[in-house]
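Have a look at the structure below before the remarks.
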There are 2 protein chains.
Amino acid sequence: MANSDKNISSAVIKRLPRYFRYLGALKAKNITRISSKELSEQMMVTASQIRQDLNNFGGFGQQGYGYNVDNLYTEIGKILGLDKRNDMIIVGAGNLGQALANYQSFNEDYGYKVMALFDVNPKLIGISVRGVKVLDTDELENFIKTHGIKIAALTIPKDQAPAIAKKMAEWGIKGFWNFAPIDLHLPDNVTVENVHLAESLMTLTYNVHNREESENE
Amino acid sequence: MANSDKNISSAVIKRLPRYFRYLGALKAKNITRISSKELSEQMMVTASQIRQDLNNFGGFGQQGYGYNVDNLYTEIGKILGLDKRNDMIIVGAGNLGQALANYQSFNEDYGYKVMALFDVNPKLIGISVRGVKVLDTDELENFIKTHGIKIAALTIPKDQAPAIAKKMAEWGIKGFWNFAPIDLHLPDNVTVENVHLAESLMTLTYNVHNREESENE
DNA sequence: TAGATTGTTAATCGATTAACAATC
DNA sequence: TAGATTGTTAATCGATTAACAATC
């Protein structure tokens with residue numbers, strides 16, 4: 001827990017889930033070992049980058065051999081915190097909130113658990129999405145505190161997002177998965193991961209109209 | 001059209017929609033002028049970066065004055081291609097596909113138009129989402145060609161995504177807004193903008209468990 | 001005109017890639 | 001042992017920031 005990692009660049013952190021995904025795919029194909037060179041060819045990055053990235057966290061490989069797929073998969077999972085219990089809530093049970101609640105991939109494959117959805121709309125309060133209840137937003141404080149929830153998806157309109165996020169941070173939320181098209185300003189010990197859909201679509205639009213050499217990010 | 005912009009770094013392009021959003025907010029507040037310094041304080045970036053970014057596309061400001069909000073908003077919109085007709089389709093009419101079709105923000109505010117959704121599920125074919133029909137995937141080729149569609153959201157399972165994307169690119173799609181958790185390998189004149197939700201949640205999870213100084217991207 | 005702020009060049013910083021000795 | 005491939009240092013590249021002359 002007292003992880004004394006000297007600050008690791010966010011560029012590195014953002015690449016970890018992609019390594020994790022590729023290793024998962026290799027595992028599924030029963031491939032047991034891989035070298036940074038082979039992996040780099042599949043992922044279209046440099047082998048140097050893979051080795052540099054991984055060595056921020058320790059030496060997971062073996063000279064002359066490469067990396068054990070199963071082991072590396074597990075280790076990256078641990079780094080990301082997927083070995084821990086990751087309970088979450090979704091605030092805003094509209095189309096997007098419900099779509100997230102239904103989204104298998106992270107719900108089951110990676111051990112996240114959606115504990116409840118929240119909304120102010122009386123028509124939604126009480127229904128269940130994938131077996132998860134939609135509760136009244138009034139119950140947020142109590143729920144967060146009682147269950148010790150740390151992670152919340154925010155799928156509410158942008159005018160409401162900053163105020164409610166501020167409150168939720170006070171009640172104990174440490175990480176916001178923010179889908180509202182606005183920047184949240186919260187204390188330093190709270191993280192925000194923005195998913196600004198409209199912005200990503202605009203970036204795509206630029207590239208469509210100015211198509212050059214493709215550059216998968 | 002023959003935009004002879006020497007390759008502009010993708011870091012710059014990704015920041016443009018955020019400038020656009022802030023300028024839209026200023027416009028809504030009837031603010032008519034802004035300096036790079038004021039804007040930089042609101043956006044928590046350096047004024048230098050704003051000026052450098054904008055000057056990739058031209059001198060939109062005026063010494064001693066700053067930038068005209070309305071004008072800059074319009075110009076960035078043009079750079080992004082929002083002044084053009086941006087018809088799109090959504091392939092995969094499940095929860096996520098439907099949520100996108102319902103998503104006001106980009107549908108109306110920025111002039112995108114969802115022309116149709118597509119699915120293989122007979123239960124979905126024929127229904128309407130926000131007035132937009134769900135068609136049989138068999139009709140994709142004809143629809144793309146007839147309507148000259150260039151942009152497509154992919155909200156289908158990952159095993160099906162690469163094959164269908166390949167076909168769609170042959171039929172004329174130039175930009176994929178890819179929500180499937182897999183990398184698409186397509187010709188150079190086709191762009192892919194990935195929205196890998198599970199990966200963004202993992203990045204958040206890492207930060208929650210290793211919370212340090214917050215760093216809004 | 002004087003003050004403000006741009007556009008742009010130069011300096012710095014950080015991230016990526018290359019190279020290679022260590023070692024399995 | 002010989003071959004392969006890591007971990008890691010050094011070199012390069014690119015992006016960000018600082019500084020300031022140009023100019024409105």
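All of these numbers come straight from a predicted model, not from anything done at the bench. A, B, ... follow the sequence lines: proteins, then strands. Residue 1 opens every chain.
- Distances were taken from every side-chain heavy atom of A/Tyr67 (C-beta onward) to each of D/dG7, C/dT5, C/dA15; the shortest belongs to D/dG7.
- Going from atom NZ of A/Lys37 over to atom C1' of D/dG3 covers 14 Å, rounded to whole Å.
- For B/Phe118 and B/Phe143, the ring centers are positioned less than 6.0 Å apart.
- Using a 4.0 Å heavy-atom distance criterion, A/Thr46 is classed as a sugar-phosphate-only contact.
- Between the side chain of A/Ser48 and the base of C/dA18, a donor-acceptor pair under 3.5 Å is found.
- Following rounding to the nearest Å, A/Asn7 (CG) and C/dA15 (P) show an atom-to-atom distance of 11 Å.
- At whole-Å resolution of the value, CZ in B/Arg15 and P in D/dA15 are 9 Å apart.
- Distances from the side chain of B/Gln49 to the nucleotides D/dC20, D/dT8, D/dT16 place D/dT16 closest.
- Picking from D/dT8, C/dA15, C/dT5 the nucleotide with the shortest atom distance to the side chain of A/Arg51 gives D/dT8.
- Note on B/Ser35: only backbone sugar-phosphate atoms sit closer than 4.0 angstrom, heavy atoms only; bases stay farther off.
- A donor and an acceptor atom, one from each side chain of B/Asn95 and A/Tyr103, are nowhere located under 3.5 Å apart.
- With a 3.5 Å ceiling on both atom-pair distances, the Watson-Crick or G-U wobble partner of D/dC13 is C/dG14.
- In this structure, A/Asn68 places its CG atom 15 Å from C1' of C/dC24, rounding to the nearest Å.
- For B/Gln52 and C/dT9, a side-chain-to-base donor-acceptor distance below 3.5 Å is present, hydrogens and geometry of angles not being considered.
- Here the side chain of B/Asn55 is nearest to one of D/dG7, D/dT16, C/dT8, namely C/dT8.
- Between the side chain of A/Arg211 and the backbone N or O of A/Val208, at least one donor-acceptor pair lies under 3.5 Å.
- Computed from coordinates, the B/Asn56 CG to D/dT16 P distance equals 11 Å when rounded to whole Å.
- The nucleotide C/dC20 finds its pairing partner in D/dG7, both defining distances of the Watson-Crick or G-U wobble pair being shorter than 3.5 Å.
- A/Tyr67 does not carry A/Arg33 over the face of its six-membered ring by the limits of under 6.0 Å from the centre and within 45° of the normal.
- Protein atom CD of B/Gln62 is 9 Å distant from nucleotide atom P of C/dG7, rounded to whole Å.
- Rounded to whole angstrom, the span from the CZ atom of A/Phe57 across to the C1' atom of D/dT8 amounts to 16 Å.
- For the pair B/His196 and B/Asn178, the minimum side-chain heavy-atom distance is below 4.5 Å.
- Where B/Gly61 and A/Val45 meet DNA chain C, the nucleotide closest to each residue was compared, and B/Gly61 sits on the side nearer the 5' end.
- Atom pair A/Gln63:CD and C/dC24:P shows a separation of 6 Å (rounding to whole Å applied).
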